[in-house]
Structure formats: structure tokens, C-alpha cells
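Chain letters run A, B, ... following the sequence lines, proteins first, then strands; residues in each count from 1. Not measured: the values here are computed from a predicted model.
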There are 2 protein chains.
Amino acid sequence: MARRRQSVTIKHVAADAGVSLQTVSRVINNEANVRPAMKKRVQESIDRLGYVPSIAAQRMSGSRSYLILALNDRDRTIEDWRAREGRDWVDQMLLGGMLKCAEYGYRLIFELVDTHSDHVQRELRAAIAALQPDGVVLTPPHSDNTLITDVLEEEGIRFARIGSRKNGGHIAITMGDDKLAAMATQHLIDKGHERIGFIAGPDEYAVSGWRKDGWEESMSAAGYEVEGLCVRGDWTYASGEKAARDLLGAADRPTAIIASNDQMALATNAVAHALGMAVPGDISIISFDNSPVTRFVQPALTAVDQPVARTVSTAVELLIKAQRGEDMPEMPVVIPGTLVERQSVSAPRSKG
Amino acid sequence: MARRRQSVTIKHVAADAGVSLQTVSRVINNEANVRPAMKKRVQESIDRLGYVPSIAAQRMSGSRSYLILALNDRDRTIEDWRAREGRDWVDQMLLGGMLKCAEYGYRLIFELVDTHSDHVQRELRAAIAALQPDGVVLTPPHSDNTLITDVLEEEGIRFARIGSRKNGGHIAITMGDDKLAAMATQHLIDKGHERIGFIAGPDEYAVSGWRKDGWEESMSAAGYEVEGLCVRGDWTYASGEKAARDLLGAADRPTAIIASNDQMALATNAVAHALGMAVPGDISIISFDNSPVTRFVQPALTAVDQPVARTVSTAVELLIKAQRGEDMPEMPVVIPGTLVERQSVSAPRSKG
DNA sequence: ATGAAAGCGCTAACAT
DNA sequence: ATGTTAGCGCTTTCAT
């Protein structure tokens with residue numbers, strides 16, 4: 001196929017408007033020092049010719065690439081895609097990230113990186129060299145991975161960390177996990193529960209700790225015991241099964257369980273049924289994430305919704321605005337989630 | 001933030017290896033006329049310095065952009081994302097497309113376009129001017145939209161149409177929709193059904209017609225009537241409800257229904273329940289697509305699985321290979337789907 | 001406020 | 001088989 005060239009370039013516009021390339025460039029980039037009349041004339045040529053700048057050329061000449069890179073964990077993402085269980089984290093990221101990028105004339109490039117491989121750094125440097133993104137959105141567990149953030153700092157690329165509170169010179173955004181967990185716990189306490197179990201996520205994820213903190217906070221504020229009521233999982237269904245068996249097999253078992261994600265909540269629900277316990281009659285369940293599956297399971301799960309789309313959208317917007325010279329927020333930004341009530345919570349059975 | 005420059009460029013590698021830029025370029029692009037020893041020396045420098053070519057520069061110099069554009073319908077995609085009902089078409093596209101691109105050092109850019117707006121062409125030209133993609137993957141209903149294909153032909157950009165049989169000079173890939181529909185119909189016939197209803201998709205989608213053809217083919221091969229057994233929907237749940245009411249409210253109603261997508265099948269299931277009919281006892285159902293929700297509904301739906309990931313993966317691979325000079329397939333490529341049996345099909349009740 | 005010239009990192013075309 | 005030159009489309013100096 002023939003060597004493809006830009007059909008309409010800045011030169012064509014300049015010729016059409018009878019001005020220099022520079023003036024056209026100034027108009028494109030909305031710079032100062034262009035008289036309104038001149039600007040109008042150039043803009044008309046742009047519109048008439050249907051001119052759109054080549055981002056390759058813009059990037060080449062050392063300015064912006066108009067590309068935002070969204071980094072996700074390769075294994076977990078591919079596993080979710082293959083499982084086809086309706087987890088829509090990626091879709092929500094795209095919904096928030098792509099649309100916000102489009103608003104500003106940027107594009108979101110979704111990229112997978114191996115968190116645990118020893119060549120994360122190489123992979124990342126390669127992506128940066130190839131694309132020269134104007135900003136990077138980091139999702140857990142990348143958000144606090146210093147292997148990654150070190151590279152980005154070295155390369156001088158702005159980044160936003162989702163699910164992180166480390167904002168030194170960078171953007172940090174959380175969904176208020178501790179407050180959400182506290183809210184979920186309080187919701188159960190209000191229903192009359194006193195023994196509320198908690199299935200935590202893996203340590204590698206900062207959000208795991210915050211969610212646990214929130215649960216503990218509400219429990220101790222109410223004067224309830226937490227000892228022996230927390231089990232750690234690793235987000236997987238299997239780990240949720242094991243955790244649920246531990247909690248529900250105990251002599252003084254809880255009357256409610258909060259699971260740190262949907263998979264583990266689903267597993268808890270299944271284990272309860274397997275043990276002949278009614279949900280929510282014998283055991284109430286609240287899950288985190290609120291992916292589509294929470295609505296399809298029996299009973300539909302009460303869940304803490306994570307506003308992924310709004311969070312990523314905000315991250316992208318802050319990155320773009322920072323590039324335009326606006327200040328980045330000093331403190332971690334919180335995009336709070338909400339509790340979505342469904343059928344997996346009721347008052348505990350009155351004690352015989 | 002400081003003007004960012006490539007940290008390691010082809011110049012550094014050339015200097016390090018003591019050769020000309022051109023030789024490095026030849027090694028990068030795996031071209032002929034480089035002695036093995038020289039190639040090895042250059043490759044070592046590349047590895048040592050961690051050099052990765054800038055795709056912006058590669059594109060600028062008139063060669064490849066290493067970008068493949070995947071075009072989807074904006075409204076439908078955003079609606080799916082917002083609905084959060086577990087439809088994973090986009091995820092399966094990414095699974096197939098991104099991973100295949102990565103294999104060849106390309107990147108997939110996922111882009112939304114308004115099919116029905118009068119400025120599709122402007123939108124598309126803008127995307128092409130900005131990104132200069134090496135190939136475009138078209139999904140229904142874009143695949144047969146001449147507004148879109150005309151622009152691509154004008155710009156000289158190779159494209160692959162998914163769900164299209166129009167391959168004149170381009171790549172066409174289907175999932176064998178007619179055969180799949182025929183297979184689903186035959187499956188019901190084998191179970192003893194004679195009156196099998198069909199809910200078709202909108203005309204705008206070529207696949208709608210093929211699926212209907214397959215149903216008709218199996219029906220007439222078995223010598224069964226199709227008159228009054230086909231109703232057209234528009235993919236939505238609401239249209240499926242209406243279609244199902246039409247079919248199930250008739251005097252001589254069908255004992256089985258094939259719906260052309262999951263949403264309409266779900267609606268059919270709900271309508272059957274509302275009318276006091278048992279599924280599959282009174283009415284068997286088969287759906288198309290096999291998105292996650294088919295497994296979560298009661299009863300789990302027998303469905304025709306659409307191998308979206310494999311299809312997109314193939315599309316991308318053919319585009320890349322074509323760019324490398326390999327021939328494009330003359331005929332439409334078929335990536336056949338399969339029938340996934342679940343609980344929504346049984347033999348019809350014996351006639352009283 | 002506008003223009004001219006230099007250069008970004010790379011490859012195509014043409015040397016040798 | 002390797003090197004040299006020109007130029008892709010744009011922005012950044014630096015002039016005017």
C-alpha cells in the first residue's frame with residue numbers, strides 16, 4: 001500500500017489563509033498574540049479544509065502527545081475477561097476515562113502491565129518511549145508500586161494513582177474506602193447485628209487495609225468485639241470460600257459478613273447455602289464493588305458501589321488540567337461510593 | 001513541566017554501536033541487507049540502552065504508526081456501560097484485539113463513533129488525521145456503512161469488517177451466523193419442536209438477516225411452517241418483550257423461541273413467566289451472543305456463543321499481515337460460534 | 001502581532 | 001552491505 005501522507009496539513013491551512021505556519025499553530029493551540037480577525041480567518045480555513053493536526057507531528061516537535069495511558073494489571077484483567085463473569089471494572093474505566101479524554105481532545109490508551117514480573121520497568125519504559133503519554137493513570141495494585149512510580153518520576157511523566165493516598169507531587173484518588181466500610185458496618189449494626197465478620201483483601205492493595213480499618217472503627221465505636229472476626233482473602237472466589245468456611249464454621253459465628261469484593265461475597269453466599277444457612281435470615285452479607293453479578297445472584301447482594309467511572313474521569317481531568325498549568329490537588333481526592341441496598345441484609349435472628 | 005525528549009534515540013544506539021542510523025533502523029525493522037554480526041552488535045546496543053523506537057517518529061517518517069483503530073457504535077456502547085448488565089462485547093474485543101496487537105508490537109485504540117450522525121465522516125477523518133492508524137476494525141453496524149468505508153478507501157486505509165460479507169479488496173469476517181441459527185433451530189427440532197418462533201434483529205445489521213435465514217433454512221428443510229413465527233425486534237429488552245408477547249399471545253403459539261440476542265431472550269423469558277408459562281416446560285428458549293447474563297438468569301439460557309475475541313484477534317492479525325505484504329483472504333473468513341447448552345431447552349410438552 | 005529557521009526521531013531514496 | 005541526504009508535520013526558538 002502506498003506511503004500515506006497527511007491529506008491536509010498545517011501548510012495547506014497556512015496557504016489557504018495566507019498566513020505563516022506559525023500563526024496557524026498559534027490558533028490551533030489557542031495561544032496569545034493572535035488578533036481576533038486573524039484567528040477567525042485561520043479558523044475558517046481549518047474548518048473548510050477539515051484540518052486536524054497529526055498527533056505524531058505534535059508529539060515530535062516536543063509538545064504534547066494527547067495520549068493518556070491507563071495501566072492495569074495484566075493477569076487479573078485477562079483473567080476477568082476470560083472468566084466472562086460480568087466484572088466490568090475495565091468498562092467503567094473506559095466509560096469514565098475515554099469520554100473525559102475525548103472532551104479535551106485527548107485519547108486514552110489502555111495498557112496491561114505485569115505487576116509481579118521483574119521487567120515491569122522495562123515494559124513501562126517501552127510503553128513510554130513508544131507513546132510518550134502526557135499522563136498515566138495507575139490502578140491498584142500498581143498505584144503504590146514504587147518500581148512503577150520511580151520510572152514515571154524519572155521520565156518526568158505526571159501520574160494519578162487510583163486507590164492510593166500517596167500524593168507527594170502527584171495526584172491521588174480514593175473512593176473513601178474506610179468510610180464506606182464503616183458505613184456498611186454501621187448499616188448492619190443498625191439492623192441489630194453485633195457479631196459482624198470481615199473478609200479482607202490482600203495486603204498488596206492499600207484499599208484492603210482501609211476497608212478493614214473502617215469496619216474496625218464502626219465495630220469499636222459500637223463497643224463490639226472484632227477478635228477472630230477478620231479473615232484475609234486474595235480477592236478470588238476460592239479464597240472467599242475458605243474465609244467464609246472459617247468464619248461460619250466457628251462456634252460463635254457472626255450473624256453478618258462484609259466481604260471486600262464481590263467474588264468473595266459470592267463465595268460467602270454459596271458457602272452459607274451449602275451449610276444450610278439462609279441468606280439473609282441466618283447470615284447477612286454485604287459486598288464491595290457492586291459489579292453486575294451482585295444483581296443476578298440469589299439473593300441479590302447489598303453492595304458498596306465503587307464509582308470507578310467517576311474516579312477515572314476525575315483522574316484524567318486532573319492530569320489534563322495539570323498539563324495546562326493548573327495546580328494539582330494537594331490532598332488525596334475522594335470520590336465517595338454509596339451503599340446499594342438489595343436483599344442480602346436483614347435483622348439477625350433473635351437469639352434462642 | 002519540562003519539554004520531554006526521548007531519553008534514548010536511534011542516534012544513541014548508532015553512536016554506541018558505531019554504525020549509521022540507517023543500519024540501526026534496518027535492524028529495528030528486521031530488514032534484509034544487514035550482516036548477522038552487524039545485526040548482533042546493533043541489537044546488543046539496543047538492549048543495553050533499552051532503546052524503543054518512538055512511534056510518533058516512525059509514523060512521521062511516513063511508515064507505520066503501529067496503531068490499529070477499533071471502531072464501535074458510540075450510543076450502544078455507552079448505553080451498555082451505563083446499564084452495567086454484564087454485556088462484555090467490548091471486553092472480548094479488547095481481549096482478542098489488544099493481545100494480538102501486542103504480539104506484533106502494535107497497539108489497539110478503541111474509538112467510539114456516532115453511526116447515525118451526519119458527521120460520521122468528519123469524526124472519522126479527524127481520528128484518521130490525528131492517529132494515522134495502520135488498519136481499522138469495523139464492528140456492526142459500522143461494518144457495512146458506506147459513509148465509513150468510503151472514507152477509509154479514500155484515505156487508503158486497510159480495514160476489516162466484522163459481521164460483514166462484503167470483502168471486495170478488504171477483509172470480511174463473520175461468525176457463521178446463518179449456520180449457527182440453523183444449528184440452534186435443528187437443536188430444537190431434534191428435541192421434537194415443530195413450531196419454533198424467531199425474534200429477529202434490526203435490518204440495519206447484516207447479521208440479523210443471516211440469522212433469520214438460518215432459522216428458515218432449518219425449518220423448511222424439516223418441512224415446518226415459518227409463517228407468522230418471525231417478529232422483528234431492535235436488540236433492546238423492550239422490543240424483545242413486545243415480540244415475545246406477539247408470539248406467545250397467538251392462538252397457535254410456538255413451543256420454542258430463538259431470540260437474535262441475549263436482551264431479547266431475557267425479555268422472552270420474563271414474558272413467559274409473566275404469562276404463567278414454564279421455561280423450558282412450556283416454552284424453550286435459545287439466545288444469541290452468550291454474554292455473562294445468560295448464566296445468571298433463571299433458568300440459565302441455552303445460547304449461541306459468539307467468539308468475539310477470536311474474531312477480533314483474527315481481524316487484527318489479517319490487517320497486520322496485509323501491511324507486511326501478505327495476501328488478504330479473498331473470501332469472507334468465518335470464525336464459527338458454538339451452541340452452549342444450558343437449562344432453557346427441553347422437549348415440547350406432548351400435545352393434549 | 002507575525003514570520004523564518006531550526007530541529008524533534010525516524011525512514012525512504014539514493015548513494016557508495 | 002552500509003552510509004548519506006532529505007523530509008515527514010509540527011512547535012520551538014528567535015527575528016522583525
Side-chain angles (χ1 to χ4, degrees), chain A residues 1-42 46 49 51-67 105 126 128-132 134 323, chain B residues 1-42 46 49 51-67 105 126 128-132 134 323:
Chain A
M1 201 166 266
R3 179 183 148 95
R4 241 185 307 105
R5 279 224 185 59
Q6 214 82 348
S7 44
V8 182
T9 74
I10 197 169
K11 277 189 192 169
H12 298 99
V13 177
D16 185 84
V19 298
S20 73
L21 306 188
Q22 197 41 44
T23 303
V24 179
S25 174
R26 288 190 179 106
V27 172
I28 297 166
N29 296 295
N30 225 330
E31 280 171 27
N33 293 345
V34 184
R35 247 188 291 257
M38 172 103 309
K39 180 166 178 172
K40 182 159 173 292
R41 179 147 63 102
V42 172
I46 290 177
L49 301 177
Y51 167 71
V52 177
S54 148
I55 67 171
Q58 293 190 123
R59 160 60 199 116
M60 276 302 295
S61 54
S63 77
R64 284 166 275 255
S65 67
Y66 294 100
L67 259 25
I128 292 171
L131 300 167
Q132 292 286 345
D134 289 342
Q323 169 155 280
Chain B
M1 203 166 267
R3 178 185 150 95
R4 243 184 304 106
R5 279 226 186 60
Q6 213 83 347
S7 43
V8 182
T9 74
I10 197 169
K11 278 190 191 168
H12 298 99
V13 177
D16 184 86
V19 299
S20 73
L21 303 188
Q22 197 44 42
T23 303
V24 178
S25 174
R26 287 191 179 106
V27 172
I28 297 167
N29 296 295
N30 225 331
E31 281 170 26
N33 293 344
V34 183
R35 245 190 291 257
M38 173 100 305
K39 180 167 179 172
K40 183 160 172 290
R41 178 145 64 102
V42 172
I46 289 176
L49 300 178
Y51 167 72
V52 177
S54 149
I55 68 169
Q58 293 190 124
R59 160 61 199 117
M60 277 303 296
S61 56
S63 75
R64 285 164 274 254
S65 68
Y66 294 100
L67 260 25
I128 291 170
L131 300 167
Q132 292 285 344
D134 289 343
Q323 170 156 277

Discussion item. Please report the distance, rounded to the nearest Å, between CG in B/N29 and P in C/dA12.
Written reply: 7 Å

Discussion item. Let me check the geometry of the helix from C/dA1-D/dT16 to C/dT16-D/dA1. What is the bend angle between the axes at its two ends, five pairs each, to 10°?
Written reply: 30°

Worksheet item: Within the structure, does a side-chain N or O atom of B/T9 lie under 4.0 Å from either OP1 or OP2 of C/dG9?
Response: no

Fill in: With sequence neighbours excluded, residues passing side-chain contact (heavy atoms from CB on, under 4.5 Å) with A/I10
A/L21, A/V24, A/S25, A/I28, A/Y51

Practice prompt. Nearest whole angstrom, please: distance from the P of D/dT5 to the CG of B/L21.
Written response: 11 Å

Worksheet item: Got a second to check how far A/M60's CE is from A/Q132's CD, nearest 0.5 Å?
Response: 10.5 Å

Practice prompt. First locate atom OG of A/S65, then atom CD1 of B/I55, and finally report the distance between them rounded to the nearest 0.5 Å.
Written response: 9.5 Å

Practice prompt. Apply side-chain contact (heavy atoms from CB on, under 4.5 Å) to the pair A/K39 and A/N30, showing each step before the final yes or no.
Written response: CA-CA 9 Å; A/K39 180 166 178 172; A/N30 225 330; 3.0 Å; yes

Worksheet item: NA contact type, B/Q22, heavy-atom cut-off 4.0 Å: base, sugar-phosphate, or nothing?
Response: base

Discussion item. Please determine whether a side-chain nitrogen or oxygen atom of A/S25 lies at a distance below 4.0 Å from atom OP1 or OP2 of D/dT11.
Written reply: yes

Worksheet item: Of A/Q58 and B/G18, whose closest DNA chain D nucleotide lies nearer the 5' terminus?
Response: B/G18

Worksheet entry | B/M60 CE - C/dA12 P separation (whole Å) | 13 Å

Fill in: 5' precedence on DNA chain D between B/S20 and A/V52 (nearest-nucleotide basis)
B/S20

Discussion item. Any side-chain N or O of A/R26 below 4.0 angstrom from OP1/OP2 of C/dT2?
Written reply: no

Worksheet item: So, does B/R26 use its side chain to make a donor-acceptor pair with the main chain of B/E31 at under 3.5 Å?
Response: no

